[in-house]
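First comes the structure, then the notes that go with it.
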Amino acid sequence: MLILSPSILAADFSVLGKQIKEAENAGAQYLHIDVMDGMFVPSISFGMPVVSTIRKISDIVFDVHLMIEKPERYIEEFARIGADIITFHLEATKQPQEVIEQIHSLGKKAGLSIKPATPVEAVLPFIDKIDMLLVMTVEPGFGGQSYIPESTQRIRQARGLFEERSLHTDIQVDGGITVDNVHVVLEAGANVIVAGSAVFKGDVGSNVEKMLEAFRKFQGI
Ligand code: DX5
Ligand code: ZN
């Protein structure tokens, strides 16, 4: 199943609740929530108060992308305030196995993310433990960047690693995805598509509809 996960990093925070509802009503299945700590990535985005506030206005799947050092410090809190999927970076912790177990013990789905320079093979020790692999398609830290073309081969390689093991694990892509290039990542094997600027710049509802239309076109329906 193809899933659209709009990233609120690109939203207008003065009307965040309204924009989330627009995305949800237009058919987006997840909401991508980028948490940045100013250490793992240069920028700082937002944290717990924002997540718990928007949890009150929406039942959409909260797809939380932690771009923070030592994510093990905050897994419990994000689970408590309403995260459904918690994705952390392989590069950010010395104990990825424990973090995956921690997320699962809280009844949440575990996502593992790799930056563009991290070899895809680095996820092999965890390949049958995770619910989702996030292959970053830009350097994490900022919205509005361009898709890194070498990502296509990395997505394909990741899909191959899962298929060789008969695993149907979700592959998420994040960064620089638009209606014009989404077919490239879908063809390579991604099925959970993050889009920030492509959804929140302009009319949110019609942007979501255009992206879902691109999904249907790819599927031939
Ligand atoms: C980047 C974030 C992305 C970002 C995507 O570090 O992880 O989720 O919001 O934004 P766009 O779609 O504008 O590249
Ligand atoms: Zn993200």
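Just follow the structure's listing: the first ligand is 1, and inside any ligand the first atom is 1.
Evaluated by nearest non-hydrogen atom to atom 11 (P) of ligand 1, the leading choice among Ser113, Gly144, Ser5 is Gly144.
Among all protein heavy atoms, the one lying closest to atom 9 (O) of ligand 1 is Ser7 OG, 2.8 Å. Protein heavy atom closest to atom 12 (O) of ligand 1, with residue, atom name and distance, is Gly196 N, 2.8 Å. Among all protein heavy atoms, the one lying closest to atom 1 (C) of ligand 1 is Phe142 O, 3.5 Å. The closest protein non-hydrogen atom to atom 3 (C) of ligand 1 is Asp174 OD1, 2.8 Å. The nearest heavy-atom contact from the protein to atom 14 (O) of ligand 1 is Gly176 N, 2.8 Å. Considering only non-hydrogen protein atoms, atom 13 (O) of ligand 1 sits nearest to Ser197 OG, 2.5 Å. When hydrogens are left out, the protein atom nearest atom 10 (O) of ligand 1 is Gly143 CA, 3.6 Å; that is the closest non-hydrogen contact.
Residue Val138 has no N or O atom closer than 3.5 Å to an N or O atom of ligand 1. Where the criterion is an N or O separation shorter than 3.5 Å, residue side chain and backbone included, Gly175 fails it with respect to ligand 1. Residue Leu9 has no N or O atom closer than 3.5 Å to an N or O atom of ligand 1. Here's the thing with Gly141: one of its N/O atoms is less than 3.5 angstrom from an N/O atom of ligand 1.
In summary, the atoms of ligand 1 found under 4.0 Å from a heavy atom of Met67, numbered by their order in the structure, are 6 (O), 7 (O). For ligand 1 and Asp34, the ligand atoms under 4.0 Å from any heavy atom of the residue are 2 (C), 3 (C), 4 (C), 7 (O), 8 (O), 9 (O). Residue His32 approaches ligand 1 through these ligand atoms, each under 4.0 Å from one of its heavy atoms: 8 (O). Near His65, with a cut-off below 4.0 Å to any heavy atom, the atoms of ligand 1 are 7 (O). Taking a cut-off of under 4.0 Å to the non-hydrogen atoms of Ala195, the atoms of ligand 1 that pass are 12 (O). Every atom of ligand 1 with a heavy atom of Pro140 under 4.0 Å away is listed here by number and element: 6 (O).
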*asked:* Run the side-chain contact (heavy atoms from CB on, under 4.5 Å) test on Val61 and Asp84 for me, step by step, so that the C-alpha distance in whole Å, both residues' side-chain angles and the decisive distance to 0.1 Å come before the verdict.
replied: CA-CA 6 Å; Val61 173; Asp84 297 297; 3.8 Å; yes
*List the steps, then state whether side-chain contact (heavy atoms from CB on, under 4.5 Å) holds for Met136 with Leu134.*
CA-CA 6 Å; Met136 286 303 302; Leu134 167 50; 3.9 Å; yes
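Taking the six-membered ring wherever Trp is involved, the centroid distance between the rings of Phe13 and Phe46 falls below 6.0 Å.
Looking at Phe62 and Ile85, their side chains never come closer than 4.5 Å, going by heavy atoms from C-beta outward. Counting heavy atoms from C-beta outward, Val194 and Gln172 have side chains that approach closer than 4.5 Å. You'll find the side chain of Ile54 reaches within 4.5 Å of the side chain of Ile33, heavy atoms only. With a 4.5 Å cut-off on side-chain heavy atoms, Ile8 and Asp34 do not count as touching.
Residues Arg80 and Glu77 are paired through a salt bridge, judged by an N-O separation under 4.0 Å between the basic side chain and the carboxylate. The residues Lys129 and Glu101 are annotated as not salt-bridged, no charged nitrogen and carboxylate oxygen being separated by less than 4.0 angstrom.
When distances from the Zn ion (ligand 2) to the N, O or S atoms of His65 are compared, ND1 comes out shortest. Within Asp174, the N/O/S atom positioned nearest the Zn ion (ligand 2) carries the name OD2. Between the Zn ion (ligand 2) and the N, O or S atoms of Asp34, the shortest distance is to OD1.
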Output a table of donor-acceptor pairs, distance under 3.5 Å, between side-chain atoms of residues 163-170 and any protein atom two or more places apart or on a different chain; print 'none' if there are none.
residue, atom, partner, partner atom, Å
Arg165, NH1, Leu161, O, 2.8
Asp170, OD1, Asn191, ND2, 2.8

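Taking the ring axis of Phe78 as reference, the NZ or CZ atom of Lys108 does not stay both within 45° of it and closer than 6.0 Å to the ring centre.
With Phe218 as reference, Leu2 is the one residue of Leu2, Val182, Val185 to meet the side-chain contact (heavy atoms from CB on, under 4.5 Å) rule.
With rounding to the nearest 0.5 Å, the separation of CD in Glu72 from CD1 in Ile103 is 10.0 Å.
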